[in-house]
Amino acid sequence: MLHLILPFFLIPLILPDQFQVSASIFNVTVDDSSPDPLSGAQIVYTPPGIWQAGQNCSNCTARPDPTGAMEQTWHDSYHAQGQPGDPNVVPAITFQFQGTALYVYCILGHSNINPISNSDMSFFLDGQFVGSFFRLADGGTNFDFNVPVYVNTSIPDGTHTFVLQNGHIGDLAALVLFDYFVYT
Ligand SMILES: *[C@@H]1O[C@H](CO)[C@@H](O)[C@H](O)[C@H]1NC(C)=O
Ligand SMILES: *[C@@H]1O[C@H](CO)[C@@H](O)[C@H](O)[C@H]1NC(C)=O
Ligand SMILES: *[C@@H]1O[C@H](CO)[C@@H](O)[C@H](O)[C@H]1NC(C)=O
Ligand SMILES: *[C@@H]1O[C@H](CO)[C@@H](O)[C@H](O)[C@H]1NC(C)=O
């Protein structure tokens with residue numbers, strides 16, 4: 001009799017806990033050019049007109065091989081400090097997600113001319129500065145794909161706003177070729 005009653009008694013106690021754990025541990029990949037496949041959230045690129053869809057942008061000078069990029073797409077912004085026509089604003093990417101870990105992937109250039117492919121990124125979570133990625137262009141002609149420029153695996157569960165900023169006002173020239181997010 002006891003072994004029949006026990007399972008029924010235990011199921012409601014164990015199931016909800018296991019369900020919660022398994023429901024939250026999986027990765028979602030969000031391409032630069034598509035909404036979040038899970039939540040439908042759109043990546044916001046600011047200010048308007050600064051970010052270009054890099055794969056078919058006629059006036060972008062960074063030309064990585066599209067086949068190296070997630071979905072063969074990326075977003076390009078160039079912070080051309082002090083050059084004629086440069087608006088001298090800080091391009092930014094804003095993304096809202098619900099999770100406990102975030103991985104941010106970019107394509108990195110090496111060229112130090114046309115465009116000067118320095119990386120000078122700052123990262124913010126819920127309005128707080130949480131890190132940066134800095135690399136000076138070394139003059140190569142190749143591109144590095146799938147570079148995790150920011151990883152955080154200790155985010156409290158909940159809804160969060162992530163911001164990536166390209167460069168600083170009055171500082172050196174900086175390029176961002178943003179490819180995709182992964183969050184857990
Ligand atoms: C999510 O993706 C990251 C980066 O590829 C990986 O390190 C991590 O183990 C993945 N997590 C899960 C739950 O699959
Ligand atoms: C830009 O590239 C994307 C992906 O390759 C494509 O879907 C889109 O139609 C292109 N846009 C233009 C204006 O060519
Ligand atoms: C690049 O071309 C796009 C249209 O394809 C235009 O909206 C944008 O202003 C141009 N950017 C620059 C820096 O010339
Ligand atoms: C991860 O996010 C938490 C919460 O915003 C923050 O306190 C922590 O400094 C971040 N860690 C890294 C490595 O960015």
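Atoms within each ligand, like the ligands themselves, are counted from 1 in listed order.
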Q128 N/O under 3.5 Å from ligand 4 N/O: no

Distance from atom 4 (C) of ligand 4 to nearest protein heavy atom, with residue and atom: P156 CD, 3.8 Å

Nearest-contact summary for atom 7 (O) of ligand 1 - protein heavy atom, Å: Y103 OH, 3.9 Å

Atoms in ligand 4 flagged as close to V130, the criterion being non-hydrogen separation under 4.0 Å: 14 (O)

Donor-acceptor pair, side chain of T100 and main chain of I155, under 3.5 angstrom: no

Atoms of ligand 1 close to I25 [distance to a heavy atom under 4.0 angstrom, numbered from 1]: 13 (C)

Close-contact set for ligand 1 against N27 heavy atoms, below 4.0 Å: 1 (C), 2 (O), 3 (C), 8 (C), 10 (C), 11 (N), 12 (C), 14 (O)

Identity and distance of the protein heavy atom lying nearest atom 8 (C) of ligand 4: N152 ND2, 3.8 Å

Any side-chain heavy-atom pair of M70 and Y105 under 4.5 Å: no

Qualifying residue for side-chain contact (heavy atoms from CB on, under 4.5 Å) with P64, from L177, D179, L108: L177

Protein contact of atom 5 (O) of ligand 4 - nearest heavy atom, named by residue and atom, plus distance: L125 CD1, 3.6 Å

Contact partition for Y105 relative to ligand 1, non-hydrogen atoms under 4.0 Å: side chain

Output field: ring centroids Y150/F162 closer than 6.0 Å: yes

Neighbour count >12 (heavy atoms, 6.0 Å) for atom CD1, I169: yes

is_close_aromatic(H75, Y45), centroid dist under 6.0 Å: yes

Spatial distance of atom CG (N142) from atom CZ (F145) [nearest 0.5 Å]: 9.0 Å

Any protein heavy atom nearer than 4.0 Å to atom 11 (N) of ligand 1: yes

Is_contact(atom 2 (O) of ligand 4), protein non-hydrogen, under 4.0 Å: yes

Within-shell test, Y150 vs ligand 4, heavy atom, strictly < 4.0 Å: yes

F181 ring center within less than 6.0 Å of F95 ring center: yes

